[in-house]
Amino acid sequence: MHNDIKEILFTEDQIRNRCIELAKQIDEDYKGQDLILVGLLKGSVPFMVELAKHLQSDVKFDFMSVSSYDGVQSKTLVVRQDLKEDIRGKNVLIVEDILDTGKTLYNVKEMLEKRNARSVKIVTMLDKEEGRVFDMKADYSLFKIPNAFVVGFGLDFNERYRQLPYVGILKEECYKK
């Protein structure tokens with residue numbers, strides 16, 4: 001499996017250190033306010049857990065299962081699991097593993113804003129600006145990445161590689177078969 005990785009972009013230590021820095025910024029921005037972290041399943045879970053470990057703020061957790069991708073091809077947004085929390089009047093921070101085309105986050109953010117949240121912001125582990133199709137920007141991000149197919153630390157290709165403790169570029173022959 002590790003032979004399928006062309007290059008390691010970010011180690012587990014680099015991810016943890018950036019989460020510590022980002023958590024301080026989020027704590028400052030939401031000081032004295034309630035915050036709901038909304039993880040987009042499945043990829044966001046490792047990043048969400050790592051980030052949350054370093055937050056001092058009082059946070060609640062909720063999850064949505066949404067999908068805009070099948071392999072490497074984009075398709076329509078499908079909500080498989082919706083939030084359990086009522087977000088009306090609350091601060092929501094959508095936690096995503098990667099901001100690529102922007103399609104998923106554009107649709108999810110719009111959906112949550114229509115539910116009258118006090119605020120809806122986005123934190124992403126990886127920001128792939130070159131892949132952007134929708135006009136979306138993350139409010140917080142750990143790292144900007146090149147236009148490459150990345151896996152690890154929750155990111156997958158066909159449900160493989162999520163468990164890798166780092167983010168790496170997948171060799172092209174692994175997904176061009």
Exercise. Check the pair Asn158, Tyr175 against side-chain hydrogen bond (donor to acceptor under 3.5 Å, both in side chains), reporting the backbone distance first and the verdict last.
Key: CA-CA 9 Å; Asn158 287 339; Tyr175 59 88; over 6 Å; no
Are the side chains of [X] and [Y] in touch, meaning some heavy atoms are under 4.5 Å apart?
X      : Y      : value
Asp100 : Asp127 : no
Asp156 : Val151 : no
Lys24  : His54  : no
Phe153 : Ile15  : yes
Met64  : Arg80  : no
Leu170 : Val150 : no
Leu155 : Ile98  : yes
Gln81  : Leu41  : yes

Quiz item: When the ring centroid of Phe149 is compared with that of Phe157, is the distance short of 6.0 Å?
Solution: yes
Would you say that more than 12 heavy atoms from the other residues, nucleotides or ligands in this model lie under 6.0 Å from the [atom1] of [X], or not?
X      : atom1 : answer
Lys171 : NZ    : yes
Asp58  : CG    : no
Lys6   : NZ    : no
Asn147 : CG    : yes

Would you say the side-chain atoms of [X] pair up with the backbone N or O of [Y], donor to acceptor, closer than 3.5 Å?
X      : Y      : answer
Asp139 : Ile122 : yes
Arg18  : Ser141 : yes
Lys90  : Asp86  : yes
Arg132 : Lys128 : yes
Thr124 : Leu126 : yes
Asp27  : Gln56  : yes
Asp62  : Lys84  : yes
Asn91  : Asp34  : yes

Self-check item: Evaluation steps, side chain to side chain contact (heavy atoms under 4.5 Å, CB included), between Gln14 and Phe143
Solution: CA-CA 10 Å; Gln14 289 173 305; Phe143 304 105; 4.3 Å; yes
Self-check item: Minimum heavy-atom distance between Glu50 and Cys19, given as atom pair plus value
Solution: CG-SG, 3.7 Å
Practice problem: Determine the minimum heavy-atom distance between Tyr166 and Thr11, stating which atoms define it. | Solution: CB-CA, 4.1 Å
Quiz prompt | From CG (Leu37) to CD1 (Ile26), nearest 0.5 Å | solution = 7.5 Å
Self-check item: Charged N-O contact under 4.0 Å between Asp82 and Arg115
Solution: yes
Quiz item: Of all residues at least two apart in sequence or in a different chain, which pass the side chain to side chain contact (heavy atoms under 4.5 Å, CB included) check with Glu7?
Solution: Leu9, Ile169
Practice problem: With side chain to side chain contact (heavy atoms under 4.5 Å, CB included) as the test, would you mind laying out the steps for Thr104 and Glu96 before giving the verdict? | Solution: CA-CA 10 Å; Thr104 301; Glu96 178 63 307; 4.2 Å; yes
Exercise. Begin with the C-alpha distance, continue with both residues' side-chain angles, and end with the deciding distance and a verdict on side chain to side chain contact (heavy atoms under 4.5 Å, CB included) for Leu99 and Glu129.
Key: CA-CA 8 Å; Leu99 174 50; Glu129 291 178 335; over 6 Å; no
Self-check item: Sequence-distant partners of Asn116, side chain to side chain donor-acceptor pair (under 3.5 Å), two or more places apart
Solution: none
Quiz prompt | With Lys42 via side chain to side chain donor-acceptor pair (under 3.5 Å) - residues at least two apart | solution = Glu159
Quiz item: Can Leu142 and Leu51 be said to form a side chain to side chain contact (heavy atoms under 4.5 Å, CB included), step by step?
Solution: CA-CA 10 Å; Leu142 289 192; Leu51 179 65; 5.7 Å; no
Quiz item: Where does the angle between the aromatic ring planes of Tyr106 and Phe134 fall among parallel (under 30°), tilted (30 to 60°) and perpendicular (over 60°)?
Solution: tilted
